[in-house]
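Accompanying notes for the structure given below.
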Amino acid sequence: QLQLVESGGGPVQPGESLRLSCAASGFTLDYYAIAWFRQAPGKEREGVSCISSSGNTKYADSVKGRFTVSRDNAKNTVYLRMDSLKPEDTALYYCAAVRNPHPRICMGAFDKGRFDSWGQGTQVTVSS
């Protein structure tokens with residue numbers, strides 16, 4: 001059974017950093033693209049970042065230059081390093097997976113419907 005488990009969230013102050021992890025079990029990530037989405041209270045779930053199986057990446061404009069997505073296939077884990085956090089980054093962060101090795105899978109608009117396996121989310125709260 002495919003399972004994704006996010007961890008690493010928590011409360012931080014503006015300007016601080018966090019590293020989220022997305023650990024996969026029941027399958028190997030080698031042929032999967034992984035995306036990070038987030039959802040703040042009262043808002044739509046939005047795409048944050050995506051990494052293809054070959055390591056191509058995409059970022060939302062709101063996080064470009066501050067967030068970095070990476071993957072360690074040996075550990076079956078994808079990471080989201082978040083620096084210079086802002087209060088507007090406060091949200092429940094989800095990782096999602098789709099089995100598609102195409103190098104351009106992450107290009108174009110973030111599409112929630114493209115991803116068929118989702119984690120339960122980890123809360124990030126940025127507040128002074």
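Residue numbers count from 1 along this sequence. Fair warning: this is a prediction, and the values are worked out from it, not measured in the lab.
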Quick one: which residue pairs count as a salt bridge (charged side-chain N to carboxylate O under 4.0 Å, His left out) with a foot in residues 46-59, not counting sequence neighbours? R38-E46

Residue pair [X] / [Y], side-chain heavy-atom distance below 4.5 Å:
X: N100; Y: F115; result: no
X: C50; Y: F110; result: yes
X: K112; Y: R45; result: yes

Given the rule in the side-chain contact (heavy atoms from CB on, under 4.5 Å) test, do T57 and Y59 qualify, once you have shown the distances and angles that lead to the verdict? CA-CA 7 Å; T57 58; Y59 299 93; 3.7 Å; yes

With sequence neighbours left out, write down each residue that passes salt bridge (charged side-chain N to carboxylate O under 4.0 Å, His left out) with R99, or none if nothing qualifies. none

Does the side-chain hydrogen bond (donor to acceptor under 3.5 Å, both in side chains) test come out yes or no for D72 and T77, once each step is laid out? CA-CA 5 Å; D72 185 340; T77 301; over 6 Å; no

Tell me the closest heavy-atom pair linking [X] and [Y], and the distance in Å.
X: Q120; Y: L92; result: O-CD2, 4.3 Å
X: L4; Y: C22; result: CD2-SG, 3.9 Å
X: S17; Y: D83; result: OG-OD1, 2.7 Å
X: L80; Y: S49; result: CD1-CB, 4.1 Å
X: S70; Y: V78; result: O-CG1, 3.2 Å

Could you tabulate the donor-acceptor pairs under 3.5 Å formed by side-chain atoms of residues 121-128, not counting sequence neighbours?
unit_1: T122; atom_1: OG1; unit_2: G9; atom_2: N; d: 3.1
unit_1: Q123; atom_1: NE2; unit_2: A91; atom_2: O; d: 3.4
unit_1: Q123; atom_1: NE2; unit_2: T125; atom_2: OG1; d: 3.4

Begin from the C-alpha positions of M82 and V63 and carry the test side-chain contact (heavy atoms from CB on, under 4.5 Å) through to its verdict. CA-CA 8 Å; M82 305 187 296; V63 307; over 6 Å; no

Please list, one pair per line, the donor and acceptor atoms closer than 3.5 Å that link side chains of residues 24-37 to other protein atoms, with sequence neighbours excluded.
none

If the condition is side chain to side chain donor-acceptor pair (under 3.5 Å), which residues does E16 pass it with, not counting sequence neighbours? none

Residues in side chain to side chain donor-acceptor pair (under 3.5 Å) contact with D61, at least two apart in sequence or another chain: K64

Spacing of S7 atom OG and R19 atom CZ [to the nearest 0.5 Å]: 9.0 Å

Over 12 foreign heavy atoms within 6.0 Å of CD, E88: yes

